[in-house]
Amino acid sequence: MKKTVGLFAAGALVVALSACSTGATPAGSGGAAGGAPNKALDQIVVGFAQVGAESGWRTANTKDIQDSFKEAGIQLKFSDAQQKQENQISAIRSYIQQNVDYIAFSPVVQTGWDAVLGEAKAAGIPVILTDRAVDSKDTSLYITFLGSDFVKEGKEAGDWLVQQYQGKSDPVNIVQLEGTTGSAPAIDRGTGFADAIKANPNMKVVASQTGDFTRAGGKQVMEAMLKSQPKIDVVFAQNDDMGLGAIEAIEAAGKVPGKDIKIITVDAVHDGMQALADGKINYIVECSPLLGKQLIDIVKKLNAGESVPQRIVTDETTFTQDQAKEALPNRKY
Ligand code: GZL
């Protein structure tokens, strides 16, 4: 929807702003540009281009977004890109064609978004990043990035490991199961983890490979690492699903996960927390998929002509085995 400029009286130019999305606040500028859309909530249409359905985290994220929009009475157009960037780009282009009021998406990888985000900007449709970031230098291409601090998550995983081996100097051979290649969580969790352990020369990442955030991928990569690595002490899986796949491979190799090989993961979805409570995983860093309500809040603020911060970091915590046993009964996902 564009601003509607109309000539209402001889010589008088009155700008009539239709209830449209051009009142959005360019990132970091504060205040609405051109007046608030102020649409009735049930008239607002948001196009959401989801990454896929690759993990328990993604399933929970999708459910939370869909439930939040239903509860808010805001129209949601939803697409699943099956972890392919070209599908997400097509979905965004389709939302532009449909002239939605806002576009939200979780970029499957960090790079390659400037062109399509430029098209959304030219169409006057504000873009909200959820979950994952883009590496665009032009921050006017999106209004805000709502999601976790992945570097912090990686660091928290590494810090826990360093603490476990405090005062010991024996070699600690670590294998890392990376998330989707080129994705913000894979890049940043790897950076945070490496930073956390770098002061300990006895701790070495002896192998690191992507399992694409899937259980099957984690199992496949772990099977290969068990064959190629003479000794593995620790697995750092960048999400629960790859960690659960690694457990299957470790047990198939006749070893005890959580004891013979320690496992640290990220997410804290139900199956991961169950494995943690059962002692098969040793530590989980939470990454909350429950972004729906915050996304709705951003849409409502923009519709009211209010500005939103360019970066909104989600709250999350960490879990030991005992904490998982306590938390499990009340977990939403
Ligand atoms: C993190 C999210 C990641 C999860 C994985 O915010 O993008 O993608 O950690 C998911 O489980 O597949």
Side-chain angles (χ1 to χ4, degrees), residues 48-65 80-85 87-88 104-111 113 128-135 144-157 176-193 210-221 235-247 263-276 281 283-295 311-319 331-333:
F48 192 93
Q50 181 59 295
V51 165
E54 74 281 2
S55 61
W57 190 98
R58 190 65 55 196
T59 307
N61 178 245
T62 290
K63 182 177 184 316
D64 185 65
I65 286 166
D80 171 336
Q82 292 161 343
Q83 286 190 282
K84 291 183 174 57
Q85 181 173 29
N87 292 347
Q88 280 194 302
F105 78 115
S106 169
V108 61
V109 292
Q110 280 189 158
T111 55
W113 300 100
I128 300 160
L129 301 182
T130 71
D131 169 28
R132 296 184 185 177
V134 297
D135 67 355
T144 184
F145 165 37
L146 161 64
S148 305
D149 178 344
F150 301 129
V151 173
K152 179 170 174 265
E153 292 171 346
K155 185 176 181 315
E156 286 178 329
Q176 178 172 232
L177 304 180
E178 300 169 13
T180 302
T181 303
S183 69
I187 294 166
D188 291 352
R189 284 172 186 165
T191 300
F193 185 79
T210 182
D212 210 16
F213 281 134
T214 67
R215 203 176 288 209
K219 181 178 179 184
Q220 198 176 5
V221 170
V235 178
F236 172 45
Q238 292 185 349
N239 82 328
D240 289 352
D241 290 67
M242 293 189 292
L244 293 163
I247 286 171
I263 301 178
I264 309 165
T265 68
V266 184
D267 276 352
V269 295
H270 181 272
D271 290 354
M273 292 287 274
Q274 189 59 61
L276 181 61
I281 291 178
Y283 192 65
I284 297 184
V285 176
E286 184 185 41
C287 174
S288 175
L290 305 180
L291 303 176
K293 285 191 174 28
Q294 287 173 287
L295 177 53
R311 179 72 176 97
I312 303 170
V313 183
T314 42
D315 290 335
E316 44 213 27
T317 183
T318 56
F319 292 97
R331 293 287 286 174
K332 285 191 194 164
Y333 58 93

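Remember, it's 1-based here, ligands and their atoms both numbered in the order they're listed.
Using a 4.5 Å heavy-atom cutoff, the side chains of Thr314 and Leu146 are in contact. Looking at Asp64 and Tyr333, their side chains never come closer than 4.5 Å, going by heavy atoms from C-beta outward. The side-chain heavy atoms of Trp57 and Asp131, taken from C-beta on, include a pair separated by under 4.5 Å. A heavy-atom distance below 4.5 Å is found between the side chains of Thr130 and Phe48.
For the residue pair Ala275 and Ile247, the shortest heavy atom distance occurs at CB-CD1, 4.1 Å.
Around atom CD of Gln85, more than 12 heavy atoms belonging to other residues, nucleotides or ligands sit under 6.0 Å away.
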List, for ligand 1, each N/O atom that has a protein N/O partner under 3.5 Å away, with both atom names and the distance.
{"from": "ligand 1", "atom 1": "6 (O)", "to": "Asp131", "atom 2": "OD1", "distance (Å)": "2.3"}
{"from": "ligand 1", "atom 1": "7 (O)", "to": "Arg58", "atom 2": "NH2", "distance (Å)": "3.1"}
{"from": "ligand 1", "atom 1": "7 (O)", "to": "Asp131", "atom 2": "OD1", "distance (Å)": "2.9"}
{"from": "ligand 1", "atom 1": "7 (O)", "to": "Asp131", "atom 2": "OD2", "distance (Å)": "2.9"}
{"from": "ligand 1", "atom 1": "7 (O)", "to": "Arg132", "atom 2": "NE", "distance (Å)": "2.7"}
{"from": "ligand 1", "atom 1": "7 (O)", "to": "Arg132", "atom 2": "NH2", "distance (Å)": "3.4"}
{"from": "ligand 1", "atom 1": "8 (O)", "to": "Arg58", "atom 2": "NH2", "distance (Å)": "3.1"}
{"from": "ligand 1", "atom 1": "8 (O)", "to": "Arg132", "atom 2": "NH2", "distance (Å)": "2.8"}
{"from": "ligand 1", "atom 1": "9 (O)", "to": "Arg189", "atom 2": "NH1", "distance (Å)": "2.8"}
{"from": "ligand 1", "atom 1": "9 (O)", "to": "Arg189", "atom 2": "NH2", "distance (Å)": "3.2"}
{"from": "ligand 1", "atom 1": "9 (O)", "to": "Asp267", "atom 2": "OD1", "distance (Å)": "2.7"}
{"from": "ligand 1", "atom 1": "9 (O)", "to": "Asp267", "atom 2": "OD2", "distance (Å)": "3.4"}
{"from": "ligand 1", "atom 1": "11 (O)", "to": "Ser55", "atom 2": "OG", "distance (Å)": "3.1"}
{"from": "ligand 1", "atom 1": "11 (O)", "to": "Asn239", "atom 2": "ND2", "distance (Å)": "2.9"}
{"from": "ligand 1", "atom 1": "11 (O)", "to": "Asp267", "atom 2": "OD2", "distance (Å)": "2.5"}
{"from": "ligand 1", "atom 1": "12 (O)", "to": "Glu54", "atom 2": "OE2", "distance (Å)": "2.5"}
{"from": "ligand 1", "atom 1": "12 (O)", "to": "Ser55", "atom 2": "OG", "distance (Å)": "2.8"}

